[in-house]
Amino acid sequence: MFSNGTRRLTMSAIAAIFGLMAVDACAQSAKRVINAMALTTYPPFEFKDEKAGKVAGFNIDVLEAMAKKMGAEVSWTETSYALMISFAPLNTKRADILLGTMGDTPERRANANFLDYVYSNQIFYTLSTKAGRFANLEALCGKRVAATRSSLIEIQGIEKWSEENCVKAGKPAVEVAASENTAQSRLLVQQDRADAAITGEGVIAYQNKLEGNQYAVISKPVVKLMTGFAFAKDNLPFGEELKKALAGIIADGTYSQLLHKWGLTDQASIGQPMINGQP
């Protein structure tokens, strides 16, 4: 027979064991959370689905698929372009990753690391009703072309094209009509306050589906922009996890399916994941 003290000790031990088992079960059932900040103004890459009340787009689907490979879930927060390119949310640990179809450039690598995941090919476009004015692309010389004021890629893309095709040929330079975002660039073209605009070809393909082919692409890609998800400079192990997960969804065909789902061409495919431009 056990004494009362022995029985109490035995019951305490059993309770402790069950308590540890419960904690372990909770730990196993609790998924890792990736805190992500995303823009909501650049469809089809990332935008706010008003009907569903959540963020949507190619970038969103790609990270969700990667997180699944990592056994994690994503917690989404909307952000502004200005806050995103400051990289402050990474430095303060408010976010693990930033999504905004950001160009992976040497200047930005000074403040963040980039998992390169897709190419955003920048093209000139105008309204379909204006396309006849640009049968010869040099007709852009001296015209107003809209671009997002905070996008160096768009601004420099226009300036470089203008220098090579207009200024060197003795023609007037293209004039940049600065906008706050891609939606406002389209509005400037619609209101005839700009003759044309520059943006990613995937953006215009998506908008044409929504707006009945209102826009016409009038150039081949003038910039092939390698874009990346930004993560903290001091967190390369996390970047390697992301890279492995991206390789996984490329290998199993998910990545290609998502490209086609959002109207992106195979030319947009990254081929193989890279960190800061390196395989």
Side-chain angles (χ1 to χ4, degrees), residues 34-47 55-79 81 84-85 87 89-90 95-109 111-122 151 153-154 182 199-203 205-206 221 223-233 235-279:
I34 298 173
N35 294 307
M37 284 189 171
L39 290 180
T40 57
T41 58
Y42 199 64
F45 293 96
E46 59 266 325
F47 60 98
V55 291
F58 175 75
N59 292 352
I60 310 303
D61 284 354
V62 166
L63 185 58
E64 288 281 5
M66 289 167 54
K68 188 175 180 180
K69 290 283 186 185
M70 297 165 67
E73 60 185 23
V74 185
S75 175
W76 293 102
T77 303
E78 297 176 39
T79 189
Y81 188 78
M84 183 185 66
I85 62 173
F87 302 107
L90 297 178
D96 301 310
I97 192 167
L98 301 176
L99 286 71
T101 320
M102 280 185 288
D104 176 2
T105 65
E107 296 80 9
R108 287 176 175 164
R109 290 175 197 161
N111 298 296
N113 288 314
F114 288 87
L115 174 72
D116 303 316
Y117 68 100
V118 76
Y119 286 103
S120 178
N121 300 313
Q122 305 293 298
S151 174
I153 300 301
E154 291 184 4
T182 54
T199 195
E201 62 180 347
V203 174
Y206 181 78
V223 178
K224 186 172 185 178
L225 177 64
M226 182 168 64
T227 65
F229 296 152
F231 62 96
K233 292 288 289 182
N235 203 0
L236 270 175
F238 177 54
E240 290 296 335
E241 285 186 87
L242 293 171
K243 182 180 174 184
K244 181 179 178 181
L246 180 55
I249 68 169
I250 290 174
D252 69 15
T254 300
Y255 180 88
S256 179
Q257 292 171 9
L258 293 177
L259 282 176
H260 296 152
K261 172 185 175 180
W262 292 105
L264 302 174
T265 67
D266 290 335
Q267 288 184 332
S269 173
I270 197 65
Q272 62 175 329
M274 297 179 282
I275 292 178
N276 299 332
Q278 299 299 316

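Worth knowing before you read on, the calculation uses all heavy atoms, side chains too, and leaves out hydrogens, waters and symmetry mates.
Between the CD atom in Q122 and the CD atom in E154 there is a gap of 5.5 Å [rounded to 0.5 Å]. To the nearest 0.5 Å, atoms OH (Y117) and CE (M66) are separated by 10.0 Å. Here the CG atom belonging to D104 is positioned 9.0 Å from the CZ atom belonging to R108, to the nearest 0.5 angstrom. Distance CG/N59 to CG/L98: 12.0 Å, rounded to 0.5 Å. Taken from CG in D96 to CE in M37, the straight-line distance is 10.0 Å, to the nearest 0.5 Å. A distance of 5.0 Å separates CG in L63 from CD1 in I97, rounded to the nearest 0.5 Å.
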In sequence, state the C-alpha distance, the side-chain angles, and the governing distance for V118 and F58, and then conclude on side-chain contact (heavy atoms from CB on, under 4.5 Å).
-> CA-CA 10 Å; V118 76; F58 175 75; 3.9 Å; yes
Take V203 and F45 through the test side-chain contact (heavy atoms from CB on, under 4.5 Å) and record every step on the way to the result.
-> CA-CA 8 Å; V203 174; F45 293 96; 4.3 Å; yes
Verdict with reasoning, I60 to F47, per side-chain contact (heavy atoms from CB on, under 4.5 Å) | CA-CA 9 Å; I60 310 303; F47 60 98; over 6 Å; no
For E46 and V55, run side-chain contact (heavy atoms from CB on, under 4.5 Å): C-alpha distance rounded to whole Å, both residues' side-chain angles, the deciding distance at 0.1 Å, then the answer.
-> CA-CA 7 Å; E46 59 266 325; V55 291; over 6 Å; no
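When all heavy atoms of Y206 and P43 are compared, the closest pair comes out as CE2-CB, 3.5 Å. Nearest heavy atom pair, residue L90 against residue A112, reads CD1-CB, 4.0 Å. Across F87 and A230, no two heavy atoms sit closer than the pair CE2-CB, 4.0 Å. Across all non-hydrogen atoms, the minimal contact from S151 to Y81 is CA-OH, 4.0 Å. The nearest pair of heavy atoms linking P44 to G202 is CD-O, 3.3 Å.
With sequence neighbours excluded, the residues satisfying salt bridge (Lys or Arg N to Asp or Glu O under 4.0 Å) with K261 are D61.
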Taking only distance into account, with no hydrogens and no angle test, what donor-acceptor pairs under 3.5 Å do side-chain atoms of residues 263-275 form with protein atoms, sequence neighbours excluded?
| residue | atom | partner | partner atom | Å |
| --- | --- | --- | --- | --- |
| T265 | OG1 | Q267 | N | 3.3 |
| D266 | OD1 | H260 | NE2 | 3.2 |
| S269 | OG | G271 | N | 3.1 |

Less than 3.5 Å apart, which donor and acceptor atoms pair up between the side chains of residues 69-77 and the rest of the protein, not counting sequence neighbours?
| residue | atom | partner | partner atom | Å |
| --- | --- | --- | --- | --- |
| K69 | NZ | D252 | OD2 | 2.9 |
| W76 | NE1 | E64 | OE2 | 2.8 |

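Within a 6.0 Å sphere centred on NZ of K233, other residues, nucleotides and ligands contribute more than 12 heavy atoms.
The closest side-chain heavy-atom distance from Y255 to L246 is below 4.5 Å. Between N235 and P237 there is a side-chain heavy-atom pair separated by less than 4.5 Å. By the 4.5 Å heavy-atom criterion applied to side chains, L236 and F231 are counted as neighbours. In this structure, the side chains of L39 and L99 stay at 4.5 Å or more apart for every pair of heavy atoms.
Using modelled atom types, one side-chain atom of D116 and one backbone atom of G277 make a donor-acceptor pair closer than 3.5 Å.
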